[in-house]
Amino acid sequence: MASERRSKTRAAHQAASTPDDQAPWADLEMTVPTDRGHASVVALVECTLVELTHEAVGAVFVSRQVGRSSRTQYVAGDDIGEQFQKRHFDDRLGRHETTVPRRTVRDELITQLTRSASTTAERSGEEAASEPDTFVVKPVRELRTP
């Protein structure tokens, strides 16, 4: 009942703020590592959290390592932006879903988006994967489950 009310509220807000049915952040995509400074990444993450709370969008971070990839999705879990659903999909470990507080999402996104190229290579223990990690904000209806 409460989730249905949240969905209606969010959908009504989105319809009022985006007359052409296009979420304002629906086309945000960046590769990691990025040349953005730490303050710029923090600002991006804060704005993303606001959009996740007020628009029907989700944030997705895709990490690629040699022979392995994982996808983490963040979607608002309430209307006040304090709880988020975190869905993690890993080629080897499978799927895990949990509810996490805003601070956890903020810290995880900042950590992921400020990673350097050398950190990515060190993490895999081999050469960096041919494809970079990516961060995307897209409409919730377009979030896919592998």
Side-chain angles (χ1 to χ4, degrees), residues 1-65 68-124 128-129 131-146:
M1 181 89 141
S3 65
E4 181 179 323
R5 191 172 357 149
R6 267 196 309 264
S7 296
K8 288 180 181 177
T9 302
R10 193 170 291 139
H13 176 75
Q14 182 180 8
S17 62
T18 56
D20 61 354
D21 197 30
Q22 179 70 23
W25 282 51
D27 59 350
L28 174 69
E29 181 171 354
M30 65 182 273
T31 58
V32 178
T34 179
D35 57 355
R36 289 176 175 253
H38 185 78
S40 176
V41 169
V42 171
L44 173 73
V45 168
E46 291 290 349
C47 289
T48 299
L49 291 173
V50 170
E51 293 303 318
L52 293 180
T53 303
H54 298 290
E55 301 292 337
V57 293
V60 181
F61 182 79
V62 178
S63 175
R64 295 177 178 89
Q65 299 174 13
R68 180 179 182 186
S69 70
S70 65
R71 172 184 312 269
T72 306
Q73 299 176 348
Y74 301 96
V75 178
D78 61 28
D79 286 339
I80 57 174
E82 292 300 321
Q83 297 292 317
F84 291 84
Q85 284 184 321
K86 176 183 174 183
R87 303 173 189 143
H88 184 77
F89 308 93
D90 186 289
D91 291 342
R92 294 182 185 168
L93 304 175
R95 178 182 178 177
H96 177 71
E97 185 170 337
T98 187
T99 301
V100 294
R102 178 187 187 91
R103 174 168 286 288
T104 299
V105 175
R106 180 184 185 277
D107 292 347
E108 286 181 4
L109 286 175
I110 290 171
T111 299
Q112 292 164 339
L113 299 180
T114 55
R115 241 186 280 186
S116 67
S118 61
T119 304
T120 302
E122 291 167 2
R123 187 185 54 201
S124 67
E131 292 185 63
D133 295 347
T134 56
F135 174 71
V136 180
V137 175
K138 59 172 69 174
V140 170
R141 66 181 178 277
E142 294 179 15
L143 296 178
R144 65 182 180 110
T145 55

TODO: Can you measure from CD (Glu97) to CD (Gln73) and round to the nearest 0.5 angstrom?
DONE: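 Going from CD on Glu97 over to CD on Gln73, the span is 9.0 Å.
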
Using every non-hydrogen atom in the two residues, find where [X] and [Y] come nearest and quote the distance to one decimal.
X: Glu82; Y: Asp78; result: N-OD1, 3.2 Å
X: Ile80; Y: Thr53; result: C-CG2, 3.9 Å
X: Phe84; Y: Ala76; result: CD2-CA, 3.6 Å

Kindly write out the residues that satisfy side chain to side chain donor-acceptor pair (under 3.5 Å) with [X], not counting sequence neighbours, or none if the list is empty.
X: Arg106; answer: Glu46
X: Glu108; answer: Tyr74, Lys86
X: Thr72; answer: His88
X: Asp107; answer: none

Is any side-chain heavy atom of [X] closer than 4.5 Å to a side-chain heavy atom of [Y]?
X: Ser69; Y: Arg71; answer: no
X: Phe61; Y: Leu113; answer: yes
X: Val57; Y: Leu28; answer: no

TODO: Please list all pairs passing the side-chain hydrogen bond (donor to acceptor under 3.5 Å, both in side chains) test where one or both residues lie in residues 29-39, with sequence neighbours left out.
DONE: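 Listed by first then second residue: Arg36-Ser40.
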
Answer yes or no: is there a donor N or O on one side and an acceptor on the other, between the side chain of [X] and the main chain of [Y], under 3.5 Å?
X: Arg102; Y: Gly81; value: yes
X: Asp133; Y: Val32; value: no
X: Asp91; Y: Arg68; value: no
X: Arg64; Y: Pro132; value: yes

Open item on the list: Under a plain distance cut-off of 3.5 Å, with no hydrogens placed, do Gln85 and Arg87 share a side-chain donor-acceptor pair?
Closed with: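 Per modelled atom types, Arg87 and Gln85 side chains form a pair under 3.5 Å.
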
Task: Test applied, side chain to side chain contact (heavy atoms under 4.5 Å, CB included); reference residue, Ser70; option that passes from Asp90, Val62, Leu93 - done: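 So the option named by the test is Asp90.
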
